[in-house]
A.B. asks: 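Take this structure, written in structure tokens, and hold onto it; I'll ask about it next.
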Amino acid sequence: MTTLSLLKEHVEIMLPEDGLQQKLALNRPLVIKLGFDPTAPDLHLGHAVVLKKLKQFQDLGHQIVIIVGSFTAQIGDPTGKNKSRKPLGKEEVLANADTYIQQLSRVIEIHKCEVRFNGDWLDDLTFKEILQLLSTITVAQLMHRNDFNKRFTENTPIAMHELMYPILQGFDSMQIKADIEMGGTDQLFNCSMGRQMQEAHGMEAQVVMCMPLLKGLDGKEKMSKSLNNTIGLTDAPNEMFGKVMSIPDALIPEFLTLATNFTLAQIEEVKQINHPMDLKKRIARNIIEQYHDAAAAEAAEQFFVQQFQNKVFDEKNFEPVAIRDLGLIKEQMTLLELCHLLKKEETKSNIRRLISGGGVWVNNEKMMDPNQVIKVTAGTKLKLGKRLLVELVP
RNA sequence: GGGCAGGUUCCAGAGCGGCCAAAUGGGGCGGACUGUAAAUCCGCUGACUACGUCUUCACAGGUUCGAAUCCUGUCCUGCCCA
């Protein structure tokens with residue numbers, strides 16, 4: 001396979017179409033830009049699609065520049081959904097950037113990347129300079145952006161500063177003299193703004209490469225933290241396995257090409273597997289191999305088969321929780337109280353509903369009365385909802 | 001600046017003086033079925049010291065025995081006009 005076709009693999013949008021080969025023809029390390037907002041610093045498989053592509057560039061000796069949107073985070077990429085975003089403090093930005101970078105290193109070689117904060121150049125812009133920037137962009141151009149257009153025609157508000165977001169992102173590209181900007185297809189507009197601005201300022205326009213957006217566990221929306229349909233890069237193996245098994249079958253081809261690291265030949269091979277369930281298992285294992293290791297993948301599969309398919313409530317599948325760590329030391333308490341201690345993030349009302357709805361088992365027996373008093377003793381096994389399995393230990 | 005229409009629970013969207021913690025749909029969470037798939041069916045979906053209590057319908061006051069619903073002011077949004 002040629003370098004070009006390898007790099008083009010899975011790419012959904014390339015702007016201009018022959019841009020990549022032209023850049024490669026320059027025969028020098030290219031500056032590849034990837035930006036992110038340091039808001040929700042949890043990377044998932046959706047991000048990984050783009051990151052894996054970056055890794056390919058990196059392996060070929062190109063320079064990756066990560067832009068931390070320390071400034072733009074305060075605006076927020078206008079999706080229309082995030083209402084008023086509270087400005088992040090400096091420490092918060094740094095902390096988020098840190099965890100983010102740490103997670104990036106699960107896919108790319110972070111020590112070879114350059115990390116820049118766009119506050120470095122955006123913070124100090126004067127109003128005059130800003131106006132100069134703005135003068136190269138027309139309202140009609142901005143309105144081409146899908147999101148703006150939609151909101152405008154639907155009479156939902158668009159704040160002025162939201163219009164600035166793509167422009168600032170374009171400015172970032174000017175600053176670092178990006179040759180290529182990568183992103184998901186949802187970034188197409190923002191990225192092409194960079195092209196236009198670079199050109200307007202006498203620079204060579206960057207090439208825009210957009211990767212497809214991986215769908216989330218619900219099979220409908222794109223994978224996104226706020227939709228709670230993600231498989232996180234740092235998720236535990238068992239969690240990853242279960243999540244992959246729960247995707248709708250219709251999503252299999254997409255996961256196969258975008259979430260696994262199978263080669264095209266391997267994909268063809270794996271596709272021969274008949275039962276969708278087995279196919280998903282294969283995918284799940286591959287994903288865990290990428291972010292953990294083969295042994296973990298093996299173990300996760302075993303766990304899954306035993307726990308959810310054979311419904312064997314094996315001792316070792318229960319997560320041990322020390323009674324003394326529960327915080328409340330009482331010999332007896334109501335089921336409600338105990339469950340709440342095990343699922344602190346839920347409201348008691350929710351726990352109550354969970355119990356009354358038949359979602360709680362104690363020692364393999366369904367308990368539907370929240371007020372049932374039970375003895376808190378070591379060896380007690382609880383199942384709360386579909387996922388949480390707990391065994392009390394001293 | 002003027003005229004008009006609006007701001008309701010996670011979202012969309014009813015309600016327009018008591019039967020409203022608020023219809024309906026979506027989403028979410030449980031349960032049945034299953035392959036932790038899809039489809040289908042059932043229950044739940046403000047909080048709590050829970051057969052009762054408390055806090056919600058932009059905000060602040062007011063009228064009423066009683067307000068999401070009426071009045072006044074404020075803030076916010078959209079449309080039209082300037």
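Each chain gets a letter, A, B and so on, in the order the sequences are listed, and its residues count up from 1.
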A.B. asks: Compare the minimum distances between each of U36(B), G30(B), G31(B) and the side chain of S246(A), then state the nucleotide with the smallest one.
C.D. replies: U36(B)
A.B. asks: Report the residue (E346(A) or K243(A)) whose heavy-atom-nearest nucleotide on RNA chain B is the more 5′ of the two.
C.D. replies: K243(A)
A.B. asks: Measure CD1/I158(A) against P/C76(B) and give the value in whole Å, please.
C.D. replies: 19 Å
A.B. asks: Mind checking K280(A) for me? I need base, sugar-phosphate or nothing, with any heavy atom below 4.0 Å counting as a touch.
C.D. replies: base
A.B. asks: Of all the nucleotides listed (G27(B), G35(B), U36(B)), which has the minimum atom distance to the side chain of H275(A)?
C.D. replies: G35(B)
A.B. asks: Answer yes or no: are there more than 12 heavy-atom neighbours, outside E17(A) itself, under 6.0 Å from its atom CD?
C.D. replies: no
A.B. asks: With a 4.5 Å heavy-atom cut-off, do N149(A) and H144(A) have their side chains touching?
C.D. replies: no
A.B. asks: Taking G15(B) as the reference, what is the distance to U34(B) when you measure between their C1' atoms (whole Å, please)?
C.D. replies: 41 Å
A.B. asks: What nucleic acid atoms does S349(A) come within less than 4.0 Å of, heavy atoms only: base, sugar-phosphate, or nothing?
C.D. replies: base
A.B. asks: Given G78(B), U36(B), G35(B), identify the nucleotide with an atom nearest to the side chain of N155(A).
C.D. replies: G78(B)
A.B. asks: Base, sugar-phosphate, or nothing: which does I247(A) touch, judged by heavy atoms less than 4.0 Å apart?
C.D. replies: sugar-phosphate
A.B. asks: Expressed in whole Å, how much space separates the C1' atoms belonging to C33(B) and G27(B)?
C.D. replies: 22 Å
A.B. asks: Just the rounded figure in Å: distance from C1' of U36(B) to CG of L251(A).
C.D. replies: 15 Å
A.B. asks: Across all strands, who's sitting opposite C44(B) as a Watson-Crick or G-U wobble pair, both distances under 3.5 Å?
C.D. replies: G28(B)
A.B. asks: Specify the separation, in whole Å, of atom CG of N228(A) and atom C1' of C29(B).
C.D. replies: 12 Å
A.B. asks: According to a hydrophobic-cluster definition based on side-chain heavy atoms being under 4.5 Å apart (Ile, Leu, Val, Met, Phe, Trp, Tyr only), do L213(A) and L256(A) belong together?
C.D. replies: no
A.B. asks: Say we look at U56(B) and U69(B): how far apart would their P atoms be, to the nearest angstrom?
C.D. replies: 13 Å
A.B. asks: More than 12 non-hydrogen atoms from neighbouring residues, nucleotides or ligands closer than 6.0 Å to CG on N274(A), yes or no?
C.D. replies: no
A.B. asks: From CG of N350(A) over to P of C29(B), roughly how many Å is that when rounded to an integer?
C.D. replies: 11 Å
A.B. asks: Side chain of F304(A) only, heavy atoms from C-beta on: which candidate in A47(B), U36(B), G31(B) is closest?
C.D. replies: U36(B)
A.B. asks: A23(B) and U45(B): how far apart are their C1' atoms, nearest whole angstrom?
C.D. replies: 15 Å
A.B. asks: Return the value, rounded to whole Å, for the distance between atom CD1 of I355(A) and atom C1' of G31(B).
C.D. replies: 15 Å
A.B. asks: Taking pairing as Watson-Crick or G-U wobble with both contacts under 3.5 Å, can you name the mate of A38(B), or confirm there isn't one?
C.D. replies: none
A.B. asks: With a 4.0 Å limit, can you tell me whether K348(A) has a side-chain N or O closer than that to the phosphate oxygens OP1/OP2 of U49(B)?
C.D. replies: yes
A.B. asks: What does G1(B) pair with, Watson-Crick or G-U, if both distances are under 3.5 Å?
C.D. replies: C81(B)
A.B. asks: Would you indicate which nucleotide in C44(B), G35(B), C48(B) comes nearest to any side-chain atom of P276(A)?
C.D. replies: G35(B)
A.B. asks: Sticking with atom C1', work out how far C80(B) lies from U72(B), rounded to a whole angstrom.
C.D. replies: 27 Å
A.B. asks: Ignoring backbone atoms, test whether R352(A) places a side-chain nitrogen or oxygen under 4.0 Å from the OP1 or OP2 oxygen of G43(B).
C.D. replies: no
A.B. asks: Donor-acceptor pair under 3.5 Å: do we get one between D249(A)'s side chain and the base of G35(B)?
C.D. replies: yes
A.B. asks: Once you round it to whole Å, what is the distance between P of G35(B) and CD1 of I252(A)?
C.D. replies: 15 Å
A.B. asks: Expressed in angstrom and rounded to an integer, what is the separation of N238(A) atom CG from U36(B) atom C1'?
C.D. replies: 13 Å
A.B. asks: Determine the interatomic distance between P on A21(B) and the same-named atom on U40(B); round to the nearest Å.
C.D. replies: 33 Å
A.B. asks: Sticking with atom P, work out how far G35(B) lies from A22(B), rounded to a whole angstrom.
C.D. replies: 39 Å
A.B. asks: Over all strands shown, is G358(A) touching base, sugar-phosphate only, or nothing at heavy-atom distances under 4.0 angstrom?
C.D. replies: sugar-phosphate
A.B. asks: Heavy atoms only, 4.0 Å cut-off, all strands: where does K281(A) land among base, sugar-phosphate and nothing?
C.D. replies: nothing
A.B. asks: F71(A) and I130(A): same hydrophobic cluster, using ILVMFWY side-chain contacts below 4.5 Å?
C.D. replies: yes
A.B. asks: Quick test of your reading of the model: are K55(A) and D59(A) salt-bridged, counting only N-O distances below 4.0 Å?
C.D. replies: yes
A.B. asks: Using whole Å, report how far CG of N371(A) lies from C1' of G52(B).
C.D. replies: 13 Å
A.B. asks: Applying a 3.5 Å limit to both distances, which nucleotide forms a Watson-Crick or G-U wobble pair with A60(B)?
C.D. replies: U72(B)
A.B. asks: Determine the interatomic distance between P on C70(B) and the same-named atom on G6(B); round to the nearest Å.
C.D. replies: 11 Å
A.B. asks: Whom does C51(B) pair with, Watson-Crick or G-U wobble, provided both distances fall under 3.5 Å?
C.D. replies: none
A.B. asks: Taking pairing as Watson-Crick or G-U wobble with both contacts under 3.5 Å, can you name the mate of C33(B), or confirm there isn't one?
C.D. replies: none
A.B. asks: Between R116(A) and E114(A) (salt bridge meaning N to carboxylate O under 4.0 Å), is one present in this structure?
C.D. replies: yes
A.B. asks: On RNA chain B, check which nucleotide each of R353(A) and D218(A) is closest to and give me the residue with the more 5' one.
C.D. replies: D218(A)
A.B. asks: Base, sugar-phosphate, or nothing: which does P248(A) touch, judged by heavy atoms less than 4.0 Å apart?
C.D. replies: sugar-phosphate
A.B. asks: For the residue pair F36(A) and Y100(A), categorise the inter-ring angle as parallel (less than 30°), tilted (30 to 60°) or perpendicular (more than 60°).
C.D. replies: parallel
